[in-house]
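Here's the structure, in structure tokens; my notes come after.
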Amino acid sequence: MAPRVLLWHRTDLRLHDAPALQAALDLKPEAFFPTWTWNPHYVHRQAVGPNRFQFLLDSMQALSESYAAVNAKQKLHVLRGPPETILPMLFKRWKITHLVYEYDPDPYACDRDEEATKLAEEAGVEVIVKHGFTLYDPRKIIEKNKGKAPIAYGPFCKLIASIGDPAKPIDAPTELPDPGDTSLDEPDRADHDVGPYRERDVNHVSRKGDDHGFDTVLGPNGDFSVPTMEELNLEEATSTIRGGEKLALEGLDAYLEDKKKVINFEKPKTNPAEFDPPSTTQLSPHLKFGTLSCRLFYWRLREVIDGTKHSEPPTSLIGQLLFREQFNTLMSMNRKWRQMLGNPMCRFFDWHLANQYDEEGELKPLDSNPEAEEHLKKWSEGQTGFPWIDALMRQLKETGWIHHLGRHSVACFLTRGHCYISWERGEEVFARYLVDWNSAMNVANWMWLSASQFFHQYYRVYSPIAFGKKHDPSGKLIRRFVPELADIPDKYIYEPWKAPESVQKKAGCIIGKDYPEPMLDEKAAKEDTLARVKASYDLKIMGDDPSALDGSAREKLRAARKDKIDGDDVPDQDGTEESPAKPTRKRQASGQSHDKRKTKQTKLK
DNA sequence: GCTGTGTTGTTCGT
DNA sequence: ACGAACAACACAGC
């Protein structure tokens, strides 16, 4: 039987160097169906803000047009519904013989793809999985290292060096087979139910009204069209970062023009306060959505640096790609990657507002902690009263991007630096607002900054005042993103509460009225948090330790703190003390909704 | 068990 | 501009 191939796009919104696409074409199909399942899990259950939705829709539309440019009969066929019902329908209706997709190391994706593979096999469809999201196949790296991936960067680099160079990129196809007969009657929505997802739509906060993206399965005109922001009823994107393969390749070309910059790139020496233009490549969203192939990026970099004296990993640009490689590899072998409890790679802390689970592994409402809730809310909205932190958080929300070191600064502040709030809460906020959000990079860096893994010198704390000042003494970033402070003199721009009343008046910004007072005493919060971090470090247990899972580690830390406080005769400042007696109070909304959380941790929805 | 290393801290000294 | 003190972590390699 001549092959009829369904290419399931997810992480590979491009035609250049796309191994799954190439594998599909290598089958010499009589009918070829590039397909996207518009998945209600992604639309309603993952925190995604308008900026990232816009980038995704741009990229899907661009891919569809690129297909059509090669073969006018082709397009990206978008079917709106859960993959576990859409795919079996297509297998049958389009008489599919082969399902081809790119390996996605994300834990949710692994579950989803295992289910899809099972369904394909039940339908007698052959499944072909290619790697292309990373330079190497994560499964091969782990196999080569006897089932484990090194957690330290150096050994990881050595390991992949022993495998050799990554494969060279392959060109985009110049011709494509036809799709064959794609005619379908509009399916019954009941067969592709999205109700349970919409009921708990975590993205309702960025909608102007109801989501109409699932009104039909085949699209409003029955032609498998790419959804629009209007159909999704999303607020307008505020970011200027736009998606699509063409923009990715142009961005790459433009960045590589300045060869000196590429050759001497050292990440820690790039400036987190630069935003117009930023001091880094701006290619991360394209790697996230696969509008740019990481192998193409890698080999284009090699072309520039080979034969010259150049910066080296970890600080070089290649070094950045190797971090991406390592974090994706580690994630691929850890289904509890995105949480602390149950995660063997993540140190246990008794953070405020940490995820907790019932016996069935369902998320429970968070413990009440009014002070921490207020801190989280102010942090996520850029209202902490620390201009540097607030500028970065507002930059994140508005532009969908902040510099890596800016991410460090705000993440450290929220977790081990000043607020002692679980990295899981910060990770959610980044997931909503970052255009380049990616589970491997985002989670790994949150673990890094919270000293939960990779980084352990927890006493090195970013100052919310000094760190920014070092890079941007006149506070240009603050003046741009916190306009109420625009006329505060340089001397006070990082600490406006120290400005005399006359100065505040002259600048038209009264602290406590036009801009908030600092939400906490920086020095006292740092000391208190450092002591908590040290106490958790002394426990030396990871998130999957029995005492972490049964709550006894938490109790132990609480009791030790109480002893110490009683001994010192200092009033108790821990807002969690009352929670055992009074289980769960309604939590405040905090930039995103936690109130309807009841996600199965591992099961495919 | 010891030593060196770890992308990217801060403050104070010269 | 750069070095040392701060208080002191984990991990790899020997």
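Chain letters run A, B, ... following the sequence lines, proteins first, then strands; residues in each count from 1.
- The side chain to side chain contact (heavy atoms under 4.5 Å, CB included) test applied to A/Ala507 returns A/Asp487, A/Ile488, not counting sequence neighbours.
- Using a 4.0 Å heavy-atom distance criterion, A/Glu266 is classed as making no nucleic acid contact.
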Identify each atom pair where a protein N or O and an N or O of nucleotides 5-14 of chain C are less than 3.5 Å apart, giving names and distance.
{"unit_1": "C/dA10", "atom_1": "OP1", "unit_2": "A/Lys540", "atom_2": "NZ", "d": "3.2"}

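- The stretch residues 298-316 of chain A touches DNA chain B through A/Pro314, A/Thr315, each having a heavy atom within less than 4.0 Å of the strand.
- Sorted by residue number, the list of members of residues 326-334 of chain A with any non-hydrogen atom under 4.0 Å from DNA chain B is empty.
- The pair A/Asp253-A/Arg300 meets the salt-bridge criterion, with a side-chain N (NZ, NE, NH1 or NH2) lying under 4.0 Å from an Asp/Glu carboxylate O.
- Looking at A/Arg479 and A/Asp490, a side-chain N of the basic residue comes within less than 4.0 Å of a carboxylate O on the acidic one, giving a salt bridge.
- For A/Glu143 (side chain) and A/Pro138 (main-chain N/O), no donor-acceptor pair under 3.5 Å exists by modelled atom type.
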Distances for protein N/O vs nucleotides 10-13 of chain B N/O pairs under 3.5 angstrom?
{"unit_1": "B/dT10", "atom_1": "OP1", "unit_2": "A/Ser463", "atom_2": "N", "d": "2.6"}
{"unit_1": "B/dT10", "atom_1": "OP2", "unit_2": "A/Lys470", "atom_2": "NZ", "d": "3.2"}

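- Of the options A/Phe386, A/Tyr462, A/Phe413, a ring pair (Phe, Tyr, Trp, His ring centres under 6.0 Å) to A/Phe467 is made by A/Tyr462 and by none of the others.
- Residue pairs meeting the side-chain hydrogen bond (donor to acceptor under 3.5 Å, both in side chains) criterion with at least one member in residues 151-169 of chain A, sequence neighbours excluded, are A/Asp165-A/Arg302.
- Of the possible polar contacts, none joining the A/Asn51 side chain to the A/Val435 backbone as a donor-acceptor pair under 3.5 Å is found.
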What pairs of nitrogen or oxygen atoms, one from the protein and one from nucleotides 1-4 of chain C, lie under 3.5 Å apart?
none

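- Using bins of under 30°, 30° to 60° and over 60° for the plane-to-plane angle, the ring pair A/Phe430/A/Trp379 lands in the parallel bin.
- Taking every heavy atom of residues 434-452 of chain A and every atom of DNA chain B, pairs under 4.0 Å involve A/Trp448, by number.
- Electrostatic pairing of A/Arg10 and A/Glu102 does not count as a salt bridge here, judged by no charged N lying under 4.0 Å from a carboxylate O.
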Check: Dot-bracket, DNA chain C: Watson-Crick or G-U, under 3.5 angstrom, [ ] crossing, | other strand?
Finding: ||||||..||||||

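- Under the side-chain hydrogen bond (donor to acceptor under 3.5 Å, both in side chains) test applied with A/His418, the options A/Lys526, A/Glu527, A/Glu522 reduce to a single match, A/Glu522.
- Between A/Thr415 and A/Leu449 the shortest heavy-atom distance is OG1-O, 4.1 Å.
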Next item on the list: Give the intermediate values and the outcome of ring-ring contact (aromatic ring centres under 6.0 Å, His included) for residues A/Phe275 and A/Phe481.
Entry: CA-CA 11 Å; A/Phe275 58 93; A/Phe481 289 101; 5.5 Å; yes

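- Judged by distance alone, with hydrogens and angles left aside, the side-chain atoms of A/Asn445 form no donor-acceptor pair with the main-chain N or O of A/Trp448 at under 3.5 Å.
- By the 4.0 Å N-to-carboxylate-O rule, A/Arg432 lies too far from A/Glu427 to be salt-bridged with it.
- Among residues two or more places apart in sequence or in another chain, the ring-ring contact (aromatic ring centres under 6.0 Å, His included) test is passed with A/Phe55 by A/His286, A/Phe289.
- With hydrogens and angles ignored, the 3.5 Å screen pairs no side-chain donor or acceptor of A/Trp388 with any backbone N or O of A/Ser409.
- The backbone N or O of A/Ala431 sits less than 3.5 Å from a side-chain atom of A/Arg52, completing a donor-acceptor pair.
- Using a 4.0 Å cut-off on heavy atoms, none of the residues of residues 409-416 of chain A approach DNA chain B.
- Between A/Glu373 and A/Lys377 there is no salt bridge, since none of the side-chain N atoms of the basic residue sits less than 4.0 Å from a carboxylate O of the acidic one.
- Near DNA chain B, meaning a heavy atom under 4.0 Å from it, residues 488-499 of chain A has no residue at all.
- A salt bridge is defined here as a Lys NZ or Arg NE, NH1 or NH2 lying under 4.0 Å from an Asp or Glu carboxylate O, and A/Lys144 with A/Asp137 fails to meet this definition.
- At least one donor-acceptor pair under 3.5 Å links the side chain of A/Asn343 to the backbone N or O of A/Trp337.
- Note on ring orientation: taking the six-membered ring where Trp is involved, the planes of A/Phe327 and A/Phe323 are tilted (angle from 30° to 60°).
- Of the charged side-chain nitrogens involved, none lies within less than 4.0 Å of a carboxylate oxygen, so that A/Lys556 and A/Asp350 do not count as a salt-bridged pair.
- A/Tyr515 places no side-chain N or O within donor-acceptor distance of the main-chain N or O of A/Val482, the cut-off being under 3.5 Å.
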Checklist line | Full working for ring-ring contact (aromatic ring centres under 6.0 Å, His included) between A/Phe349 and A/Trp351 | finding: CA-CA 5 Å; A/Phe349 290 89; A/Trp351 302 117; 4.3 Å; yes

